[in-house]
Amino acid sequence: MSELSFLCNFKSSELQSLALPVEVRKPNLALVAQTLTTRSVNLEPGLYYVTARLPAGQELFNQVTISEDSPSTVILTPEPEDVSPNESLEVESYITGSQTTSWTGSGSSLEGLGAENVTAKLRAFSGNILLGQLSERNDQSWLVPLSAPSIGVAKFSVPAGNVTLVQLLQPKVPPINMALPISPFPPQNGCQLVLTRQSDGLISVDIHLEHITADMLLGYFLRGLLDQAVTITTSNALQAEQLLDQKLSYPIAAAVGAYALLRFGDLDRLHNWTENLNNWFTWLPDGAAIGGEHLARLGKHKEALPVFLELPSRGLPIFSDGLSYAIDRLRLYTTADNTHFDPSALSQAQSLLKDLKRFIAFVDFRKPLLTFSGIDASKPDDRPLGEDIEDFEGLDVAQYLA
Amino acid sequence: MVLVFDKRNELQGQPGLHALIAGVSAYRYLPKENEPLAPENFGLRQLSSTALTAYKVYRWLLDHQQNFPVPLATCRLLLSPSPDEVAAEPNLNGKGEPCILENFLVAADDWRNDAGSHQGNMTFFYFAGHGVQRTKDDAVLLLEDFAERGGGPLRNAVDINNIFKGMAKSNTHPNIAQTQLYFVDACRDFLSAFKNFEPEDTTPVFRVQLSGEDKRTAPIFYAAAPGTKAIGIRREQTLFSKALFDCLNGDAGELKDVDGQERWHVSVHSLNRALKTKIDEWNNTLRAEQDFILSGQVADMPIHFLDRPPLVEVVLEVVPPDALNYTRVKALDDQGVPIPAPLPVPLNPHPYRCKWMAGYYTISAEIDPPDPRFVNFPGRARPFMPPCTMRKVKVIP
């Protein structure tokens, strides 16, 4: 057996230090190892093909011949056609998958006749929606414009702070509300908003976590790359000990990791993770949803219900999985064999379930971050706005997309 | 008879696969294709592909009964076919029992009891018919007698979430199957007519017990993403089932060590990956817009073994197209041997599509006759994995 190590041929140091999921296969395609590029594997002598699939869809690839008792390093490089044009765009190109170009008509044989008319507004809300305390932010200090990679794409940094929801207003379509994956306590745990003009003229929003490995995990889920998602949950950067360190904590990344482990049914690895997440970050609604679901999976339903009942004091979960888990469990606890529960807890559960169910019909469960429609976020609906949105407050995003 | 396949005696207590398959096309209380809709129909009509789909799933299980991690032990079949489906597939006539609530409840209870005989059992649940949706992890499945007068509107409907939770380990079923596959081939629309009804209006299939650690592998493959529709091809089968058969027959093939032996198989994760590709392909073919989503508890594990390495759809494209007539593309297998059927020169049609055995291939291209605008494409060995691998042969400097 000989040791094989991996080196990724990126230009930016940020990516070179990242742990990427990697597959090692024999010439007959048999998978012999799934690991991270920051680790090594021991292999029998022979020819192997090594592939690292990136969250944005590209692949790094190379082949290597392993000799007896001779360690090797394989350098993984992107296909020539996938190479990022420059170092500063590598994260966008390979990791977040956010578009560095949008539909602008350029390169097409078609042209738009008349002025391009992009109208959209972005506004932010603070407060706990479940307690009816949502209030619109009247300032625009909650976001910081970043340099855009191309026309039709706008990027903003949203630092940690007191914003819970962002709302995108566009003419003739329902307003979209998105939970922001940020902490109320700076400095870390902010996020990035990427607005992209689509071919139909509408603007789409992508939200990326500040924690790049957690963002990659979400990316693998979105693309259906579950093997890569499983592998990346083992990375040091996504271990509870790292993420929940009291001094430099990343509770939102920890929530992403915990949701993944719940999806994979890997309850053993969740051990104290969910309890600490819930107890140490009492502002995080997802801590309650994750903690409750974990206890329920362990069969500790009596303990699970009070944890779910912490949601009203925290607010709507940031991630759609959290809302789904909470609703499914509360529905079960309020209808099934409920002699387990204290009557007052059951009454609270019924009230919370009623509150949460208002959102269900308007949530886009395909999105990992909680996304739902409605001009009044506390009373979601799917009514489109009129043609004129000038009267609404908010940041006019057209200037950033031009 | 609901139990259309039974090998429990032969298996003598050994783990087996227990299947419950239901397909509803002929909804008793819904109008036919060309009949007018009434308010009490909730905008729904009878279908003409879903019972036939369920029958095809049953036939597929029979044909592959030895290819699962455990042999097929039982299969329960509930079918409510339309006359058109029976005309297209006469074997549907009298097969299984009608998929009405009463039959469904009894079949599901028996299915759970069989599943509960051994933790090493597997279960397979497939429903094709109308559905509506409330949360990411649930779907309401409408049975043949849906919309019958009396009682709540969802009385003759069941909730997949209740089925899923009722199949967890419990005091009454401590040894229930720990590998459970669910396929919900139905729409997941939020029908505005249902917005005001409580989910409790569905009839519970199981009385769910709140006990037991739940460490099942239990993926739920939903044919439609939340809030969207599933598509059926009239008098044939659903789009989802077409993609699913493609995947299970090889397009989701993966070669990995299973119990010390390299075996081509389909796993939970490989099925999820390949289904995305195949549904997109069928969408293109049928000009449909169906989505698909995986939910439930999705640990990876083999679910179906393949008898041989799968074929891969290969798409080769010369870039730029102007170079096509000058470009001679060659392909060698992992032993350096040219592929049996040489590629045409030029590649025609372009992009060129063919099928190769899954494996590593080295693709190269030579510019012939030489042209200063183009350069040779150096050979690169690359994996060609099912269901489809696209490679660009770039011959510009």
Side-chain angles (χ1 to χ4, degrees), chain A residues 23 25-32 47 49 51 59 61 63 79-81 221 223-227 229-230 262-268 296-302 304 320-321 323-325 327-329 331-341 356-357 360-366 382, chain B residues 133-138 161-162 165 168-169 190 192 195 198-200 204 207-218 225-228 254-257 262 268-270 272-273 275-276 291 293-300 309 319 334-335 358-360 380-385 392 394:
Chain A
E23 290 181 345
R25 290 179 186 271
K26 292 184 192 173
N28 68 349
L29 278 179
L31 183 70
V32 291
L47 175 65
Y49 294 95
T51 309
E59 288 179 348
F61 183 81
Q63 61 190 65
E79 296 287 353
E81 54 270 27
F221 265 110
R223 289 184 170 270
L225 300 173
L226 299 182
D227 287 334
V230 169
L262 284 170
R263 278 277 166 229
F264 293 131
D266 199 347
L267 302 186
D268 295 338
R297 295 269 188 99
L298 293 172
K300 298 177 177 176
H301 301 282
K302 204 169 178 176
S320 57
D321 271 358
L323 181 66
S324 205
Y325 286 142
I327 288 174
D328 286 344
R329 289 294 173 188
R331 183 178 286 154
L332 180 66
Y333 294 161
T334 53
T335 56
D337 176 14
N338 55 23
T339 51
H340 290 66
F341 303 113
L356 296 179
K357 283 199 304 195
I360 301 175
F362 307 102
V363 171
D364 184 349
F365 281 106
R366 286 171 290 190
D382 51 8
Chain B
Q133 189 241 343
R134 298 166 310 191
T135 72
K136 187 176 188 173
D137 285 334
D138 86 348
N161 201 19
N162 170 269
K165 291 206 160 56
K169 197 158 104 177
F190 291 106
S192 55
K195 275 183 186 167
E198 289 297 308
E200 291 74 26
R207 185 163 181 259
V208 178
Q209 291 183 330
L210 300 180
S211 58
E213 189 178 48
D214 191 0
K215 294 176 99 169
R216 292 174 283 174
T217 292
T228 67
E254 170 78 283
L255 183 60
K256 270 190 198 174
D257 191 300
E262 279 176 9
V268 172
H269 289 190
S270 74
N272 177 61
R273 192 172 56 232
L275 263 176
K276 276 190 183 298
D291 212 339
I293 201 163
L294 175 65
S295 191
Q297 294 164 205
V298 297
D300 198 23
V319 177
D334 67 287
Q335 304 294 315
Y360 281 90
R380 294 184 202 157
R382 291 292 181 267
F384 283 71
M385 308 266 285
K392 287 188 176 172
K394 209 170 174 182

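As the structure is a prediction and not an experimental result, all values here were calculated from the model. Proteins get letters first, then strands, A, B, ... in listed order; numbering begins at 1 in each.
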If one checks every heavy atom of A/K26 against chain B at 4.5 Å, the contacting part turns out to be both
Cut-off 4.5 Å, heavy atoms of chain A, and the answer for B/R382 is both
- prompt: So, do B/E254 and A/D227 sit near enough that their side-chain heavy atoms are less than 4.5 Å apart?
  reply: yes
Sorted by chain and residue number, the side-chain hydrogen bond (donor to acceptor under 3.5 Å, both in side chains) partners of A/D364 (sequence neighbours excluded) come out as A/R366
Bottom line for B/D291: the part with an atom under 4.5 Å from chain A's heavy atoms is side chain
**Message:** Would you say that B/K165 contacts A/R329 through its side chain, given a criterion of any heavy-atom pair below 4.5 Å between the two side chains?
**Reply:** yes
- Does any non-hydrogen side-chain atom of A/R25 lie less than 4.5 Å from one of B/Y360? yes
B/K394 and A/E79, any side-chain heavy atoms less than 4.5 Å apart: no
Is there side-chain contact between A/L226 and B/D300, with heavy atoms separated by less than 4.5 Å?
no
Applying ring-ring contact (aromatic ring centres under 6.0 Å, His included) to A/F264 and not counting sequence neighbours gives A/F221, B/H269
| message | Donor-acceptor check, side chain of A/R263 to backbone of B/S295, threshold 3.5 angstrom: yes or no? | response | no
Point to revise | Side-chain heavy-atom pair B/I293, A/F365 within 4.5 angstrom cut-off | key: no
